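The next block holds one structure in the form of structure tokens; read it before the comments.
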Number of protein chains: 2
Amino acid sequence: MKSGPTIQDIAAEAGVSKSTVSLVLQESPRIKAETAEKVREAARKLGYVYNRGAATLRGRRSTTIGMVINDLTNPFFVELLVAIERVLAQSGYTTLMAHTAENLETQTRVLRSMREQNVAGLIMSPALGTSDDLPAEIQSWGIPLVLVMRPMGADVDTVGVDNEYGFALATEHLIEQGHTRIAFAGNRKGYAVANQRRQGYLSAMAKHSLSVNDDWIIDVELTPEGGRKAVRAIFEMKPRPTAVVCYNDQVAIGVLHELDRMGKRAGKALAVVGCDNVVAAEHTNPPLTTLFAGADKLGTIASETLLARLSETQEDEKPAVQYFAVPALVVRESSVGADATTSAATKKQALVAGER
Amino acid sequence: MKSGPTIQDIAAEAGVSKSTVSLVLQESPRIKAETAEKVREAARKLGYVYNRGAATLRGRRSTTIGMVINDLTNPFFVELLVAIERVLAQSGYTTLMAHTAENLETQTRVLRSMREQNVAGLIMSPALGTSDDLPAEIQSWGIPLVLVMRPMGADVDTVGVDNEYGFALATEHLIEQGHTRIAFAGNRKGYAVANQRRQGYLSAMAKHSLSVNDDWIIDVELTPEGGRKAVRAIFEMKPRPTAVVCYNDQVAIGVLHELDRMGKRAGKALAVVGCDNVVAAEHTNPPLTTLFAGADKLGTIASETLLARLSETQEDEKPAVQYFAVPALVVRESSVGADATTSAATKKQALVAGER
DNA sequence: CTGAAAGCGCTTACAG
DNA sequence: CTGAAAGCGCTTACAG
């Protein structure tokens with residue numbers, strides 16, 4: 001921690017006051033071009049490094065944004081994080097990252113730390129079981145908050161996905177393929193997003209007058225292991241479902257794997273649909289049909305929502321943003337078998353392209 | 001950005017000086033327990049939030065660590081990041097995250113930003129093509145640096161993997177299975193880690209007096225797409241290799257997928273070995289044999305190396321750490337076919353367990 | 001055991 | 001167009 005030259009040193013070197021140096025560093029038009037150049041030259045010569053912390057302390061405006069993520073083992077959230085970091089960096093903000101691993105105590109600790117670090121704003125995907133009061137509490141700290149993926153009420157900026165629509169779409173796709181007994185894997189009780197997804201599934205079934213057995217709605221962990229359990233459960237039912245809508249791609253990957261282990265193939269023995277279109281979904285065997293909402297786009301919108309909030313003044317404060325992306329279905333072999341895949345995939349890929 | 005109470009306010013509330021408040025917050029034993037309790041009570045009452053930035057400015061000691069990652073689309077680096085963030089958080093440090101996506105300009109920008117943020121130390125996995133001078137430059141800034149996964153000389157702290165040993169191990173495993181024509185997929189030219197991995201492969205082949213055709217060493221992108229290209233190349237060779245060692249799991253996943261698309265199965269048509277043991281490797285079809293070095297352990301060691309560096313004084317400065325983990329092979333179906341998998345996997349899993 | 005004072009490196013009215 | 005001065009919220013010798 002050796003401390004380099006300060007604006008004071010530059011001022012001495014350039015023969016001006018430190019006020020002038022500060023103004024030059026901020027590219028203020030109030031300083032004559034000639035003087036400005038002299039100052040910049042001195043800064044270069046001394047190897048000056050701007051001290052953002054000091055500026056934040058004095059100017060009362062921070063340029064770091066906190067990003068709190070619940071589950072980085074899910075590649076969808078990684079894509080989201082990367083997009084957010086990229087957009088914020090472009091706007092001159094630095095990203096403070098923290099991972100909660102769905103642990104509420106970790107989340108509390110992390111939020112305190114971010115507050116102490118004086119973040120200008122927060123983007124957060126709350127851990128499961130987060131109290132409904134948390135968003136209001138964070139806002140009471142004076143820190144703008146954007147929630148991603150997991151909504152917690154209409155009065156806080158939220159960027160997510162229309163899960164109900166998406167899961168109805170996925171279910172209808174399976175119904176179109178002739179399936180009538182369709183399971184839902186990954187129904188975690190008391191979990192808002194799971195409720196939305198199940199609701200989408202149920203509404204599509206109801207719309208086509210298909211009945212749903214209670215045991216088709218399978219409550220398993222939202223991991224590959226959960227997917228494997230779901231397959232074992234399905235193959236013990238009789239008559240058994242011939243298709244399954246999975247909570248997300250992580251679950252679906254477990255489903256594909258367990259089928260493979262049983263010597264069966266997704267798309268033939270059991271039609272499978274996932275959600276998130278993670279990068280790996282294209283490379284599973286067989287490739288996975290899945291809902292696409294665009295982590296990159298969602299991350300961009302979340303960042304822009306926060307940036308807009310940061311630049312607004314007290315008076316022109318806008319109501320909370322509630323953005324829910326409409327997902328599209330990317331059809332691959334896991335839901336239609338090897339034969340139909342090419343044409344269907346091509347058709348739907350075009351649809352996806354049109355969406356963006 | 002509303003500013004809350006400061007130590008000044010607490011001092012007034014508690015009827016002491018701000019020096020005393022500061023000392024209490026630092027849990028100094030110099031303050032009487034009774035006074036300390038009075039101060040803490042006042043802080044609680046006023047909803048005080050510590051301003052770490054101000055402390056850093058005055059105390060000249062920062063508690064943020066910069067983490068620069070080259071490729072977060074590779075889950076191995078995500079595991080590494082998560083481990084590092086966890087260990088640093090436990091020691092009271094905050095992680096500033098940046099992603100370079102292998103882009104040198106982004107890396108330069110990001111490093112400047114971290115320097116302006118006054119990070120106490122840096123953990124970095126340098127982007128491809130990073131100049132050999134960079135570590136020395138960073139150290140000249142007075143910022144301790146730990147390199148992960150990509151070594152750049154003996155005079156900078158480095159935590160990585162013994163790639164040559166690992167790839168020899170992987171290659172020998174295939175030779176043991178009776179393969180004599182073995183390819184290497186993912187040989188990026190001029191890339192130090194790729195050189196090490198190729199060298200391990202070559203030395204195992206040489207040790208067993210097996211000749212290597214030039215075209216068996218396949219230069220493709222280090223992605224699933226690269227793996228697919230490698231498979232197409234292999235199946236055009238005659239006589240063609242019957243096994244392939246892949247640069248990493250990303251490449252191997254592409255190999256598995258292309259084989260599946262050709263109606264062939266890894267482990268039968270072509271034995272496949274990857275490297276990293278990413279979480280997904282367990283869930284591919286078929287499951288992937290791969291080298292395991294333990295991202296979690298590597299991340300922990302990298303963090304601890306940096307923390308040790310941060311707490312050392314000028315005099316007791318230790319020579320650069322050069323830690324290279326010895327990888328183990330996790331044998332799954334992709335290299336041995338369905339029959340042999342259970343027993344072999346069990347045996348080797350035990351080996352892996354013993355390693356930790 | 002506690003307090004008064006100086007100062008970390010900046011920014012921002014204000015004066016000229 | 002530029003400078004002198006005050007101050008952001010802390011920490012740290014130093015004095016008592």
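Excluded from the calculations below are hydrogen atoms, water molecules and symmetry mates; all remaining heavy atoms, backbone and side chain alike, are included. None of the values given here were measured: they were computed from a predicted structure. Convention: sequence-line order gives letters A, B, ...; per-chain numbering from 1.
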For DNA chain C, what is the dot-bracket line, given that a base pair needs Watson-Crick (N1 to N3, plus N6-O4 or O6-N4) or G-U wobble (N1-O2 and O6-N3) geometry with both distances under 3.5 Å, and | means paired with another strand?
|||.||||||||.|||

Go through the structure and list residues passing side-chain contact (heavy atoms from CB on, under 4.5 Å) with [X], not counting sequence neighbours.
X: A/Ser131; result: A/Asp133
X: A/Pro126; result: A/Gln107, A/Met124, A/Thr130, A/Leu147, A/Arg150, A/Met152
X: A/Asn103; result: A/Glu105, A/Thr106

Counting distance only, does the side-chain N/O of B/Thr108 pair as donor-acceptor with the main-chain N or O of B/Leu104 below 3.5 Å?
yes

Heavy-atom donor-acceptor pair, A/Ser62 side chain to A/Asn118 backbone, under 3.5 Å
yes

For [X], side-chain hydrogen bond (donor to acceptor under 3.5 Å, both in side chains) partners two or more places apart:
X: A/Glu116; result: B/Arg52
X: B/Gln117; result: A/Thr94
X: A/Thr20; result: A/Ser17

Taking salt bridge (Lys or Arg N to Asp or Glu O under 4.0 Å) as the test, write out the residues that go with B/Arg40, two or more places apart.
B/Glu37

Can you list the residues that meet the salt bridge (Lys or Arg N to Asp or Glu O under 4.0 Å) rule with A/Lys32, with sequence neighbours excluded?
none

Residues touching DNA chain C, which here means a heavy atom under 4.0 Å, drawn from residues 35-52 of chain B:
B/Thr35

Residues in contact with DNA chain C, drawn from residues 5-26 of chain B - heavy-atom cutoff 4.0 Å
B/Val16, B/Ser17, B/Lys18, B/Ser19, B/Thr20

Result for 5'-nearest mapping on DNA chain D, choosing between B/Ala55 and B/Arg30, is B/Ala55

Could you walk me through whether B/Glu41 and B/Arg44 satisfy the salt bridge (charged side-chain N to carboxylate O under 4.0 Å, His left out) test, starting with their C-alpha distance in whole Å, then the side-chain angles of each, then the deciding distance to 0.1 Å, before giving a yes or no?
CA-CA 5 Å; B/Glu41 178 53 35; B/Arg44 217 171 296 132; 2.8 Å; yes

Pair B/Val68-B/Thr100, side-chain contact (heavy atoms from CB on, under 4.5 Å): steps then yes or no
CA-CA 7 Å; B/Val68 181; B/Thr100 64; 3.5 Å; yes

5' to 3' on DNA chain D, which nucleotides open and close the contacts with chain B (atom under 4.0 Å from a heavy atom)?
D/dG9 to D/dC14

